[in-house]
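Contents: one structure, followed by commentary.
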Amino acid sequence: MQIFQKSVIQKHVNNLDKEKVEKAFDIFRQNYNQAKIEQIKTLKEEEYQDGFFRDIFVDVLGYTLRPDENFNLQREFKNQSDSKKTDGAIIKDENAIAVIELKSTKTKDLTKITQQAFNYKNNQPECKFIITSNFQKLRFYIDYSNEYEEFDLFAMDRDKFNLLYLILHKDSIFKGLPIQLKKETQFHEKEVSEELYKDYSNFKSKLFDNLILNHPEEDKLLLFKKSQKLLDRF
């Protein structure tokens, strides 16, 4: 199940710096050319982890990988409660605000790493975002595992890239934009539901009034029951 409503996303995509997005998309296509994709498919998890972080998070999404100065992305980030380590983490004030768990392309079912990633998330009190990937598919979660956005890095069109850039760029993550987008989506869905209920109520009232008008000899209670039966057919 997707996290964000399309109209909410489009509103924010329209506000992005188009030149920056275009430049990032060009870099993404260079990093994921067909020859590179075929090579990635042959690599083991540990062989491409550094490459993955640099190809996506550093080159495209603007992060700085440790040991570079002022880093905000780190490999092998240790849990606070035990000795286990997540494959990577996005860091703010020395705390992980996003955990990243990786597998090779041999792992076809990403749900197999979901629980592992969320176990790491639960050991990081400041963590809100969860990212899993098998180097081809990338999934992004906020807090819970029942909703996510999925991206195919080997077959990314421009619209999907816009969403990736919008929610996962360094500036977006650090100012909590994905959480704002989720709240806007929930508000939008509530508005739509209320509007649908209003339309339904108006239709029901008009239907009943029409039955009374066309059947004045009938009992109103009987007509009301008939109107309900008619509505049940829809």
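Worth knowing before you read on, the calculation uses all heavy atoms, side chains too, and leaves out hydrogens, waters and symmetry mates.
Side-chain contact between T105 and Y48: absent, with no pair of heavy atoms (C-beta onward) separated by less than 4.5 Å. Two residues are said to be in side-chain contact when any heavy atoms from C-beta on lie closer than 4.5 Å; N119 and Q115 meet this criterion. Proximity of D26 to E22: side-chain heavy atoms (C-beta onward) are separated by under 4.5 Å at one or more points. Between Q2 and E149, some side-chain heavy-atom pair lies under the 4.5 Å cut-off. Contact annotation: the side chain of F28 approaches that of M156 to within less than 4.5 Å [non-hydrogen atoms, C-beta and beyond]. Side-chain contact between K44 and S104 is absent, with no heavy atoms from C-beta onward closer than 4.5 Å. Two residues are said to be in side-chain contact when any heavy atoms from C-beta on lie closer than 4.5 Å; E76 and Q49 meet this criterion. Side-chain contact between I100 and Y120: absent, with no pair of heavy atoms (C-beta onward) separated by less than 4.5 Å.
Heavy atoms from other residues, nucleotides or ligands lying under 6.0 Å from CD of E46 number more than 12. A 6.0 Å sphere centred on NZ of K128 holds no more than 12 heavy atoms belonging to other residues, nucleotides or ligands. Few gaps surround CD on E38; more than 12 heavy atoms of other groups in view lie less than 6.0 Å from it.
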- prompt: Do L163 and V13 pass the side-chain contact (heavy atoms from CB on, under 4.5 Å) test, and can you show the C-alpha distance, the side-chain angles, and the key distance before you say yes or no?
  reply: CA-CA 7 Å; L163 175 58; V13 165; 5.9 Å; no

field: Criterion side-chain contact (heavy atoms from CB on, under 4.5 Å) on N33 and R29, from CA distance to verdict
entry: CA-CA 6 Å; N33 60 69; R29 287 186 296 184; over 6 Å; no

message: If you apply the rule side-chain contact (heavy atoms from CB on, under 4.5 Å), what do you find for D143 with K121, and how did you get there?
response: CA-CA 8 Å; D143 280 331; K121 180 259 182 191; 3.8 Å; yes

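Taking the six-membered ring where the residue is Trp, the centroids of F140 and F129 are separated by under 6.0 Å.
In this structure, the side chain of N72 engages the main chain of T64 through a donor-acceptor pair within 3.5 Å. When atom types are taken as modelled, the side chain of S172 and the backbone of L166 share a donor-acceptor pair closer than 3.5 angstrom. Formation of a donor-acceptor pair under 3.5 Å by the D17 side chain with backbone atoms of K20 is found in this model.
No side-chain N or O of Y141 forms a donor-acceptor pair with one of N146 less than 3.5 Å apart. When only modelled atom types and interatomic distance are considered, N162 and R158 share a side-chain donor-acceptor pair under 3.5 Å.
One distance of note links CD1 of I56 with CG of L168; it measures 9.5 Å at 0.5 Å rounding. With rounding to the nearest 0.5 Å, the separation of NZ in K106 from CG in L43 is 10.0 Å. Rounded to the nearest 0.5 Å, atoms CG (L65) and CD1 (I91) are 10.5 Å apart. Atom CD of E150 sits about 11.5 Å away from atom CD1 of I3, to the nearest 0.5 Å. Summarising the geometry, atom CD1 belonging to I90 is positioned 13.5 Å from atom CG belonging to N95; distances are rounded to the nearest 0.5 Å. Put simply, NZ on K6 and CG on D159 are 9.5 Å apart, with the number rounded to the nearest 0.5 Å.
Between R75 and D87, no side-chain nitrogen of the basic residue sits less than 4.0 Å from a carboxylate oxygen of the acidic one, so the salt-bridge criterion is not met. Ion pair D55/K36 flagged as a salt bridge, since at least one NZ, NE, NH1 or NH2 atom sits closer than 4.0 Å to an Asp/Glu carboxylate oxygen.
One hydrophobic cluster, built from ILVMFWY side chains closer than 4.5 Å, holds both L16 and I27. In this structure, I167 is a member of the same hydrophobic cluster as F174, with clusters built from ILVMFWY side-chain heavy atoms closer than 4.5 Å. Residues I179 and L177 fall within the same hydrophobic cluster, defined by Ile, Leu, Val, Met, Phe, Trp and Tyr side chains chained together at heavy-atom separations under 4.5 Å.
Exactly one of F53, F151, F52 qualifies for a ring-ring contact (aromatic ring centres under 6.0 Å, His included) with F135. That residue is F52. With N14 as reference, Q10 is the one residue of Q10, H12, K11 to meet the side chain to side chain donor-acceptor pair (under 3.5 Å) rule. Partner of R139 under the side chain to side chain contact (heavy atoms under 4.5 Å, CB included) criterion, chosen from I131, L110, I113: L110. Applying side chain to side chain contact (heavy atoms under 4.5 Å, CB included) to K137 and the options D152, T107, L153 leaves one that passes, D152.
Note: F161 and F25 have tilted aromatic rings, judged against thresholds of 30 and 60 degrees for the angle between ring planes. Between F154 and Y32, the two ring planes are tilted [angle within 30° to 60°].
Residue A117 comes nearest to I130 through the heavy atom pair CB-CG2, 3.7 Å, listed as atom of the first residue, atom of the second, then distance. V99 and C127 make their closest contact through N-SG, 3.8 Å (heavy atoms, listed as atom of the first residue, atom of the second, distance). In this structure, Q124 and F77 approach most closely via the heavy-atom pair OE1-CE2, 3.6 Å. For the pair P178 and I173, the tightest heavy-atom approach, listed with the atom from each and the gap, is CG-CD1, 4.1 Å.
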